[in-house]
Structures are given as structure tokens and as C-alpha cells.
Amino acid sequence: MAKKKHYWLMKSEPDAYSIDDLERDGREPWNGIRNYQARNFLRDDMKEGDLAFFYHSNAKPPGIVGVMKIDSGPEPDRLAFDENSAYFDPKSDPEDPRWIQRQVRFVAKLPEMVTLEEMKRDENLEGMLVTRRGQRLSIQPVDANHFRYLCKRGGLKTIPS
DNA sequence: GCCAACGTTGGC
DNA sequence: GCCAACGTTGGC
């Protein structure tokens with residue numbers, strides 16, 4: 001039997017990079033993550049082929065807007081080595097990179113976004129991390145049943161696999 | 001713009 | 001190792 005898929009939620013501010021940008025680009029490095037818990041998910045727990053929600057944070061309204069696929073293994077985040085980057089980190093050694101990225105590939109845009117407010121109100125999503133007050137982790141695991149439910153809720157006819 | 005909820009840094 | 005000060009995230 002094939003290894004069980006994991007599901008994720010990944011946040012981006014649409015002013016910086018939106019679902020429309022990913023639809024246009026097709027495949028992009030997901031980089032600039034500078035939080036250890038999120039880094040560990042990127043490095044250790046994500047598998048190539050996993051599916052993830054694209055979440056618009058700091059948006060009006062915030063919420064889930066699309067689905068993407070993890071399309072690479074863990075790679076060093078080279079922005080950490082670039083002095084001119086906002087994500088430069090002098091403590092990241094190119095011989096032993098501290099920060100990790102993944103390639104992600106566009107899968108689908110949700111016909112209807114599912115807002116954070118809707119998710120908080122929805123009893124089917126009880127316990128989902130993103131609805132927890134004060135949490136701010138930019139990469140989060142999502143339960144498989146929550147993933148399927150949210151795909152339908154967002155108007156997808158078929159659940160991506 | 002405010003501020004709650006963190007995470008990080010650095011003095012001790 | 002403690003913890004105060006500071007910085008960031010991100011909803012509101």
C-alpha cells in the first residue's frame with residue numbers, strides 16, 4: 001500500500017504572492033519560511049505529492065483560495081544566503097542550510113473561497129488549527145477529512161489527489 | 001492602526 | 001537557565 005498522503009495549509013499574503021500568481025507561474029519555490037516549527041514540517045513531514053491549501057493571510061477576507069501540490073523534496077532556501085534579500089540570515093551556513101523550501105505546483109483555484117470566518121463557524125471543522133485563536137503558524141497540517149470537506153465546500157467537483 | 005499571541009535575543 | 005525586551009504574525 002502506498003504511503004499515506006499528508007495534507008497542509010500554507011499561508012501567503014496575496015499582496016506578496018497570491019493564488020493567481022501561482023496559477024500564472026505553475027510552479028514556484030515556497031521560500032522565506034523563518035519559523036522552526038514550519039521549517040520542520042517543510043523538511044521532515046511533507047512528502048512530494050502531498051496536497052496543500054493555499055491560504056490568503058492578511059487579506060480581506062482571509063481564507064482558503066486554492067489547492068497546490070508539493071512538487072519537490074526539501075531544498076535549501078537560498079534567500080537566506082542573499083544579503084540583499086529580506087530573508088537573509090547570516091547564521092544559515094551554505095554547507096548546512098538552516099532554512100528549507102519546497103517547490104509547489106498549482107492544482108486548482110477554489111470556485112468559491114472558504115473564509116476563515118466560515119471555517120470558524122463550521123462545526124465540521126472542529127479543532128482545525130487555523131481556526132484556533134492566536135495561532136500564526138504559516139505551515140500547518142490539515143486532517144484528511146477536513147481537506148476533503150473543504151474542497152467540496154470550496155466548490156470543487158472532484159477532490160484532487 | 002491596534003494588539004494578542006507568540007518566538008527570538010541577549011544580559012545576567 | 002531565566003526572563004525582560006523586542007520583533008513578528010495576522011486577525012480585527
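Just so we're on the same page: letters track the sequence lines, and every chain starts at 1.
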Exercise. Hey, mind stepping through Asn58(A) and Asp15(A) against side-chain contact (heavy atoms from CB on, under 4.5 Å) and telling me if it holds?
Worked result: CA-CA 9 Å; Asn58(A) 254 324; Asp15(A) 288 347; over 6 Å; no
Exercise. Side-chain donor-acceptor pair under 3.5 Å between Arg98(A) and Tyr36(A), yes or no?
Worked result: yes
Problem set entry | Residue pair Phe54(A), Trp30(A): steps toward the ring pair (Phe, Tyr, Trp, His ring centres under 6.0 Å) verdict | CA-CA 11 Å; Phe54(A) 196 124; Trp30(A) 199 273; 5.3 Å; yes
For this session: Report the C-alpha distance between Phe53(A) and Phe147(A) in whole Å, list the side-chain angles of each, state the deciding distance to 0.1 Å, and finish with yes or no for ring pair (Phe, Tyr, Trp, His ring centres under 6.0 Å).
Result: CA-CA 8 Å; Phe53(A) 285 126; Phe147(A) 181 84; 4.6 Å; yes
Exercise. Within the structure shown, what part of the strands sits under 4.0 Å from Arg34(A) by heavy-atom distance: base, sugar-phosphate, or nothing?
Worked result: nothing
Exercise. Where along nucleotides 2-11 of chain C does protein come under 4.0 Å, by heavy atom, of base (B) or sugar-phosphate alone (S), with - for untouched nucleotides?
Worked result: -----BBBBB
Problem set entry | Residues forming a side-chain hydrogen bond (donor to acceptor under 3.5 Å, both in side chains) with Glu28(A), sequence neighbours excluded | none
